[in-house]
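Data block below; observations after.
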Amino acid sequence: MENQIDKRQITAKVTNITWERIWLNLELQITFAPGADKQSELSFYLVNGLFEPKAKLKVMEIDGDTYRLKVNITNPGTGLCLPQGTYSIYICQNHCQMAKAEVAEPLVKNMSSASRNFLYGGRAKVYSVTFYVTEGDDSLPFIMYVLASGRTAISAPSAHAKKKFHLKQELKKKYSKINKPLKVDMYWAYRKKYKHKSKKPVVMFMSEQSTTISTNLKAVKDRMLARKMDKDYVILESYRSSVTNPRMGLHSWMDTLRKMAMSDIIFLDDHAPVLDWLILDKDTVVVQLWHAGAGFKASGYSRWGHIGCPAPYSCHRQYKYGIAGSKNIAHFFSEVWGINDSQVLPTGMPRIDEFLDEGYRSKKTKEIYEKYPICKGKKVILFAPTYRGTNKKNAHYPYELIDFKQLYELCGDEYVVLFKMHPWVADPVPIEERYKDRFADANQYPNINDLFYFTELLITDYSSNIFEYSLMRKPMLFFAFDEIQYSFSRGFHRDYEESAPGKICRTFDEVLDAIRQQDFEYPKVEEYVEKHFDYIDSHASDRVIDWIILGQMPDFVKKGIAADEAVNQELQTLRFGE
């Protein structure tokens with residue numbers, strides 16, 4: 001690439017640096033010299049000290065001479081974190097290097113505060129992004145330094161503590177060094193044995209979160225069987241709860257690894273810890289059919305730097321595709337998984353197929369009324385928040401915040417309340433005997449979606465259950481008593497205030513008042529549905545099958561994937577500074 005930087009036809013200064021979760025936002029002021037080409041498009045690259053471009057910055061807005069750019073540091077388009085290195089910003093035009101960004105003087109004193117540290121690995125490791133300018137230079141060149149490092153001692157522990165610490169670490173390392181490599185070898189031995197053995201393509205449905213098949217996995221599998229695809233495909237299944245029971249027996253591991261090795265396509269329903277360290281054959285297509293429609297709470301790389309976030313390389317990096325309800329929300333999912341927007345296919349959620357089936361709805365409504373007879377002839381309020389805590393082991397909900405007495409009195413002869421807590425919350429709802437004619441604990445009911453059919457009002461907080469419920473076109477209330485704390489500890493992947501499809505209440509008294517006044521801010525529900533659903537039908541499972549298994553991908557998806565591949569190819573061929 002021709003270098004015309006010394007001609008100074010274009011100069012660029014970074015005027016602002018901000019962050020939005022894992023997105024680095026930069027504002028650059030561009031100045032054109034007299035006679036310079038102001039019409040041709042500008043491109044912006046992060047280039048390391050070896051003059052290799054590692055990311056192409058996205059131009060989000062051009063406002064006069066100000067360019068607003070952004071880049072996802074956990075996935076700048078390559079499916080991996082921005083590599084360690086010292087970076088500069090190069091500005092190109094017509095395949096020529098035109099400028100190297102400097103820092104505007106007013107920004108220099110604030111650059112250190114714009115730097116970020118993202119903790120991961122149990123807070124024992126850190127990925128840091130630091131901004132500075134070089135000393136002893138006539139100008140103020142923009143420099144960004146990226147480093148990944150681990151915990152190191154800063155004081156001398158006592159001999160006893162040191163010995164105890166090292167013994168524990170050595171035992172852990174010894175187990176890991178023996179255990180995981182053996183399983184990796186086992187997988188590749190199976191892969192060598194079975195890769196070309198089956199004359200039919202092999203599709204596997206897999207969960208490492210549950211011992212039973214559910215939601216999206218079940219919908220796609222059942223639809224394959226309904227279409228009699230088991231004649232042309234081998235269908236395998238593996239359902240384990242390795243998250244709560246990490247030390248599975250040898251037989252379980254042999255069975256799961258063998259099936260994974262045999263598979264051409266693997267469908268997952270959530271994070272699979274085994275894939276954090278077992279790198280599958282590149283010919284295996286891994287597809288994430290995540291159960292979450294589109295809530296608010298951040299997951300995966302959206303909450304990088306928070307407790308429980310993934311490592312720079314994790315299971316998510318192996319997904320070739322994921323799915324979402326619409327093109328408008330694909331970026332929420334790609335951010336979570338650390339993949340590109342084009343890899344998130346707007347098929348819709350397969351579990352919606354059954355949810356929208358009128359025959360199923362009629363059958364389930366009848367069953368639920370029989371199970372919860374207090375609901376007959378009443379308006380049903382469903383109280384269904386997400387859990388608090390960091391994982392399944394410590395998940396809970398602060399029941400003391402619910403004023404059961406006032407809620408009972410508010411119900412009168414008009415309402416009843418069903419409480420359906422997150423499946424991870426083990427403690428039952430503390431409903432006193434005197435309230436049981438208007439309150440019922442529905443925690444043991446397996447599918448919350450069925451309860452939506454006769455629910456008149458949903459009270460939730462940050463849960464993704466709003467996704468299906470919105471299709472009922474009925475009101476919601478959001479009891480967000482801990483929004484500030486939750487946004488800090490867990491994180492949101494979008495603005496909660498703007499995105500919640502209903503009225504937000506910070507106290508339970510506000511919840512009660514909203515019900516009394518029928519103040520639900522309902523128009524937000526209609527806006528939510530319009531944004532989150534490209535299809536409102538019962539064919540999402542068919543789209544997953546047709547697009548992914550049968551390879552009948554729509555042209556707009558192919559074009560998006562091709563565009564991303566073109567950018568990555570460009571990054572591999574360009575060289576700067578010459």
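None of these values were measured; they are calculated from a predicted model.
- Judged as a side-chain hydrogen bond (donor to acceptor under 3.5 Å, both in side chains), and not counting sequence neighbours, K13 has no contacts.
- The list of side chain to side chain donor-acceptor pair (under 3.5 Å) pairs with a residue in residues 109-126, not counting sequence neighbours, is empty.
- Under the rule for a side-chain hydrogen bond (donor to acceptor under 3.5 Å, both in side chains), N328 has no partner lying at least two apart in sequence or in another chain.
- When the salt bridge (charged side-chain N to carboxylate O under 4.0 Å, His left out) test is applied to D534, the partners found at least two apart in sequence or on another chain are K327.
- When the ring pair (Phe, Tyr, Trp, His ring centres under 6.0 Å) test is applied to F118, the partners found at least two apart in sequence or on another chain are W19, W304.
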**Request:** List the steps, then state whether side chain to side chain contact (heavy atoms under 4.5 Å, CB included) holds for L82 with Y87.
**Result:** CA-CA 10 Å; L82 184 68; Y87 290 93; 3.9 Å; yes
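- Listed by chain and number, the residues in a side-chain hydrogen bond (donor to acceptor under 3.5 Å, both in side chains) with K320 amount to none (sequence neighbours excluded).
- Between W337 and F333, the ring planes lie tilted relative to each other; the angle falls in the 30° to 60° range.
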Donor-acceptor contacts under 3.5 Å from residues 42-60 side chains, at least two apart:
unit_1	atom_1	unit_2	atom_2	d
Y45	OH	E570	OE2	2.7
N48	OD1	L50	N	2.9
N48	OD1	F51	N	3.2
N48	OD1	E52	N	2.9
N48	ND2	E52	OE1	3.1

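- Ion pairing between a basic and an acidic side chain is recognised when a charged N comes within 4.0 Å of a carboxylate O; R543 and D353 show no such pairing.
- Residues satisfying the side-chain hydrogen bond (donor to acceptor under 3.5 Å, both in side chains) criterion with D230, sequence neighbours excluded, are absent altogether.
- With sequence neighbours excluded, the residues satisfying ring pair (Phe, Tyr, Trp, His ring centres under 6.0 Å) with F533 are F467.
- With sequence neighbours left out, the salt bridge (charged side-chain N to carboxylate O under 4.0 Å, His left out) criterion links R68 to E27, E61, D63.
- Using a 4.0 Å cut-off between charged side-chain N and carboxylate O, D542 and R227 make a salt bridge.
- Residues M111 and V133 share a closest heavy-atom pair of SD-CG1, 4.0 Å.
- Residues in residues 539-569 take part in no ring-ring contact (aromatic ring centres under 6.0 Å, His included) pair, two or more places apart or across chains.
- Of the N and O atoms on the side chains of S314 and Y301, at least one donor lies less than 3.5 Å from an acceptor on the other residue.
- Take Q572 and apply the side chain to side chain contact (heavy atoms under 4.5 Å, CB included) test, not counting sequence neighbours, and it matches Q569.
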